Amino acid sequence: MKYRILLVGNPNCGKSTIFNTLTNLNQKTGNFAGVTVEKRIGKFKIDDQDIDVIDLPGSFSLNGTSEDKKALTRFLMQRNSSDKIVFVMDSTLIERSLQFLFQISDLGVEIILVLTMKDILSKKNLSLDINDLQKRLGINIVLINGKTNEGIEELKNLLKKKENFLPIPRLWNWGSAKEKFLTSILDKIQTENTVFTRFILENGLKRLSGESLQTDLPGLELFSPDIQRYINNEYKIEKITFSYQEELIIKSILIKKIISECIRDNKIENQSYDFSRFDKFLLHPFYGLLFFLSLMAIIFQGLFTWSEVPMKMIESGFDYTSEYIKLTLPDGPFSNLLADGIIKGTGAVLVFVPQIFLLFFFIGLLEESGYMARASFVMDRFMGKFGLSGKSFIPLLSSAACAVPAILGSRTIEDKNDRITTILVSPLITCSARYPVYILLIGAIFGDKTFLGFINLKGIILFFLFFLGMFTALIFALIFKKTFFKKNSAYFLLELPEFRTPSITHVLFNVLLKVKEFIVNSGTVILYISIILWFLANYPYNKIPIENITNEKISESNVILSSYAADIGKAMEPVIEPLGFDWKIGISLVTSFAAREVMVSTLAIIYGIESGDENSIDLKTSMQNDINPKTGKKVWSTLTGISVLIFFAFACQCMSTLTVVRKETNSYIWPVFLFFYMTSLAYISSFLIFQIGTYLGFG
Amino acid sequence: MKNILDCKEKEMNIIHSFSQDINNDFANDLMDYGLLPGATVIKYPNSSFSDKVILRIGDSIISIRKKDAEKIYIKENSTT
């Protein structure tokens with residue numbers, strides 16, 4: 001009979017490395033139903049038969065209310081009866097891992113135990129007696145070195161036969177009085193699966209004793225009403241209490257005994273004072289922060305500069321292909337769809353790849369080395385003032401490059417509320433796509449003015465807009481944490497893992513998975529939306545034949561000015577007029593939804609300017625000279641310009657961001673909320689600026 | 001009663017109990033790391049300016065906020 005393999009273990013125990021080794025790239029990522037917790041499913045080939053391998057979220061126990069613990073518990077409670085468990089354990093952290101293993105074995109499941117980090121065990125001069133541990137637990141155990149794949153073949157061979165998965169006999173008990181009480185009830189219940197029945201009975205008794213266990217852990221409700229009444233009565237008569245803490249203490253004593261007999265060196269004696277001198281520096285409130293900020297400056301400098309060339313190459317490659325198709329194929333709707341819709345839409349997806357690749361490469365290095373936890377430690381105090389933990393800092397900072405990788409990067413935040421808040425405020429931070437719009441508008445509105453006679457005004461305004469984005473993001477984080485996510489537990493508990501040399505192979509493998517996932521999950525949606533936006537900007541197809549017109553941009557201008565996007569822009573005019581915007585700006589708002597920087601090319605097309613980029617003098621001049629026929633005033637007055645700048649600073653003009661938020665939150669609510677709160681913020685801010693400015697006579 | 005903040009750095013202390021008002025999830029998470037009554041804990045050196053305390057429990061090194069650490073009591077004279 002076919003069986004599934006479920007990978008279970010603590011966070012960062014090497015579980016994902018084993019999953020990747022078994023399944024290679026033959027895997028897909030999704031979410032558990034209704035939650036944001038990631039579930040990875042892959043296929044492992046055994047004698048021409050595909051076995052499903054499921055990488056479950058890392059956890060320390062089945063108790064607790066965090067979303068990942070609930071998803072894990074729910075999955076394990078609803079598992080197939082044929083499912084087998086591969087429990088992955090960091091061999092250098094056996095003490096706490098055995099607690100979780102015993103909890104899993106209480107479910108009555110069949111297990112193979114995999115011990116990872118063999119290399120680190122050797123470095124620490126610890127010798128683990130696998131045979132002794134195997135005898136004590138009564139299951140098969142494999143010791144693995146994830147870096148060299150030592151032990152992987154042995155594991156693969158064990159996985160081939162379901163007989164190699166064995167249950168762990170119950171090694172602990174509650175003490176004679178409680179055991180007698182449990183046995184008397186179990187005798188009364190008389191079921192076949194006594195291990196699992198005992199597990200749910202113990203949960204029920206813990207609840208009767210006042211323990212607030214996780215709701216997904218089954219209890220007395222699984223018994224018939226008669227049995228429930230009987231247990232309730234017996235509990236009232238005997239007054240014997242059961243608690244989670246007591247269970248952990250009993251197991252802890254057993255675990256210490258097992259460890260003292262299976263691990264040759266006493267770890268506490270060896271390492272009790274080995275607190276790294278690096279940590280004294282890295283965790284220092286001042287030096288640690290200084291180091292972190294310097295490291296971030298280097299990383300983000302790298303992110304911007306190293307991604308620039310491949311991004312430009314991708315853009316140029318797709319532009320070239322698009323042009324080639326236009327020249328090769330006869331002019332018409334099909335060639336237009338292919339060249340401007342599909343090819344440019346694909347380019348709009350792939351252009352994110354270099355930044356995503358680099359960001360996850362850096363995050364991977366920081367995580368694998370153990371530094372990420374230190375970064376969270378030093379940033380926690382500052383981020384805590386805005387209701388976030390230190391882990392939110394890196395995704396927020398990476399939003400300065402692009403919100404898309406930043407939102408994907410928020411996966412490192414375990415707390416659901418912190419993660420959603422980080423996702424919701426990330427797009428407020430000034431991303432690189434806003435700069436072309438800012439540069440064009442600032443140039444068109446303020447020209448080459450200086451401040452105090454020598455400071456370039458453009459630079460000051462750009463800095464102000466960057467600061468405005470960061471400040472608004474933090475303020476909104478605080479607002480969200482004080483309103484929607486008020487019930488957050490607000491405690492800080494962070495493990496500081498030992499420093500390790502990162503495995504570049506593992507990091508690159510994970511980066512490739514992330515890139516593949518982005519292209520498959522979000523990329524396809526971005527492509528569809530790109531095609532829709534292309535359609536809106538190009539139809540009804542009304543292109544004036546090129547031979548009848550001297551300027552190709554004017555021909556394109558005719559297309560866009562008679563398009564559905566123009567209709568929408570004109571229809572929007574009454575709504576956007578109070579912000580100082582006319583219908584041409586309205587068209588730009590529609591097209592820039594594909595990507596903010598598209599606003600520049602849209603304005604260039606509307607004004608019929610060849611090669612209209614953000615530095616184009618012709619485009620700036622055309623904008624400065626444009627007069628609104630209704631009012632007789634300049635379309636791009638200083639006040640309108642500021643209003644548009646503020647609108648772009650706050651509005652969620654980015655379909656890619658919304659698509660990624662939808663995928664990452666596994667919900668339509670959050671992208672819809674994100675769009676409306678940011679658009680409302682943008683609208684109200686621009687409205688106030690324009691109306692107050694006009695009232696004061698600046699209009 | 002002495003709490004973890006009263007521990008001397010690098011010395012072993014025995015956990016006595018948690019304060020009644022400790023967050024239930026926090027207590028569960030601490031227990032999952034092995035911070036249980038009867039377990040040994042070592043406080044590691046950390047800057048006095050920091051708002052956090054660093055602890056070794058069993059084979060793990062964890063960090064918690066000082067205000068939360070005040071809710072974890074150690075046995076009197078438990079230094080070994």
Side-chain angles (χ1 to χ4, degrees), chain A residues 10 59-66 69 90 92-97 99-100 103 211-214 244-249 251-253 255-256 259 267-268 271-276 279-280 283-288 373-374 376-378 380-381 384 489-498, chain B residues 4 7-73 79-80:
Chain A
N10 291 160
S59 179
F60 291 109
S61 73
L62 297 179
N63 205 10
T65 54
S66 70
K69 280 185 176 177
D90 183 336
T92 62
L93 300 168
I94 285 189
E95 192 172 337
R96 70 171 194 210
S97 312
Q99 277 282 7
F100 190 30
Q103 201 173 22
E211 191 89 53
S212 53
L213 295 181
Q214 194 202 116
Y244 182 58
Q245 191 183 84
E246 185 187 359
E247 180 185 323
L248 291 179
I249 292 171
K251 286 177 178 171
S252 172
I253 294 164
I255 289 165
K256 284 195 190 314
I259 288 176
K267 293 178 72 185
I268 298 276
Q271 294 164 36
S272 51
Y273 308 128
D274 71 343
F275 189 57
S276 156
D279 269 332
K280 283 180 195 158
L283 301 178
H284 192 275
F286 178 71
Y287 302 117
R374 273 84 183 166
S376 300
F377 181 100
V378 292
D380 180 72
R381 201 172 198 172
S489 50
Y491 66 83
F492 177 89
L493 172 57
L494 183 78
E495 185 178 8
L496 299 172
E498 291 196 22
Chain B
I4 281 189
C7 292
K8 281 188 180 169
E9 285 174 357
K10 298 181 180 180
E11 283 184 352
M12 285 192 196
N13 287 270
I14 310 288
I15 300 293
H16 179 270
S17 57
F18 297 138
S19 163
Q20 293 290 324
D21 64 342
I22 197 166
N23 177 302
N24 195 38
D25 276 344
F26 181 48
N28 275 334
D29 284 353
L30 287 172
M31 291 194 292
D32 288 338
Y33 274 104
L35 204 143
L36 292 155
T40 52
V41 63
I42 300 166
K43 193 170 94 170
Y44 275 158
N46 191 24
S47 164
S48 54
F49 297 109
S50 175
D51 64 334
K52 297 183 188 66
V53 59
I54 300 165
L55 307 168
R56 183 178 195 104
I57 307 152
D59 37 29
S60 313
I61 299 176
I62 63 161
S63 158
I64 56 176
R65 291 195 182 115
K66 283 180 177 170
K67 63 183 172 82
D68 293 326
E70 284 173 1
K71 295 176 181 174
I72 305 164
Y73 302 126
T79 303
T80 55

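All figures in this text were calculated on a predicted structure; none of them were measured in a lab. Reminder, nothing fancy here: chain letters follow the sequence lines and each chain counts from 1.
- Between A/Arg381 and B/Lys52, the shortest heavy-atom contact is N-NZ, 4.0 Å.
- With chain B as partner, the option from A/Lys256, A/Gln99, A/Gln245 having the largest number of non-hydrogen pairs under 4.5 angstrom is A/Gln245.
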Given the rule in the side chain to side chain donor-acceptor pair (under 3.5 Å) test, do A/Ser212 and B/Asn24 qualify, once you have shown the distances and angles that lead to the verdict? CA-CA 8 Å; A/Ser212 53; B/Asn24 195 38; 2.7 Å; yes

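- The distance from atom CG of B/Asn28 to atom CG of A/Asn63, rounded to the nearest 0.5 Å, is 4.5 Å.
- Side-chain atoms of A/Phe377 and B/Asn46, non-hydrogen and from C-beta on, do get closer than 4.5 Å to each other.
- Evaluation of the ring-ring contact (aromatic ring centres under 6.0 Å, His included) rule for B/Tyr33 yields A/Phe60 as partners, not counting sequence neighbours.
- Partners of A/Phe100 by ring-ring contact (aromatic ring centres under 6.0 Å, His included), not counting sequence neighbours, listed by chain and number: A/Phe87.
- A/Leu494 contributes atom CG, which lies 9.5 Å from atom CD1 of B/Ile54 (distance to the nearest 0.5 angstrom).
- Heavy-atom distances place both the backbone and the side chain of B/Ile64 under 4.5 Å from chain A.
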Decide yes or no on side chain to side chain contact (heavy atoms under 4.5 Å, CB included) for A/Asp380 and B/Arg65, but give the supporting numbers first. CA-CA 10 Å; A/Asp380 180 72; B/Arg65 291 195 182 115; 3.1 Å; yes

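- Between A/Lys69 and B/Asp25 there is no salt bridge, since no side-chain nitrogen of the basic residue lies less than 4.0 Å from a carboxylate oxygen of the acidic one.
- Of all heavy-atom pairs between B/Phe26 and A/Leu493, the closest is CE1-CB, 4.1 Å.
- Among the candidates B/Leu30, B/Leu55, B/Asp32, the residue making the largest number of heavy-atom pairs closer than 4.5 Å to chain A is B/Asp32.
- The two residues B/Asp59 and A/Glu95 make their nearest non-hydrogen contact at OD2-N, 3.0 Å.
- The distance from the OH atom of B/Tyr44 to the CG atom of A/Leu496 is 10.5 Å, given to the nearest 0.5 Å.
- Across B/Pro37 and A/Ile249, no two heavy atoms sit closer than the pair O-CD1, 3.9 Å.
- The candidate with the highest count of non-hydrogen atom pairs below 4.5 Å against chain A, out of B/Gly38, B/Ser60, B/Gly34, is B/Ser60.
- Between B/Ser50 and A/Pro285, the closest heavy-atom pair is N-CG, 3.7 Å.
- Using a 4.5 Å cut-off between heavy atoms, A/Tyr244 contacts chain B through its side chain alone, with no backbone atom that close.
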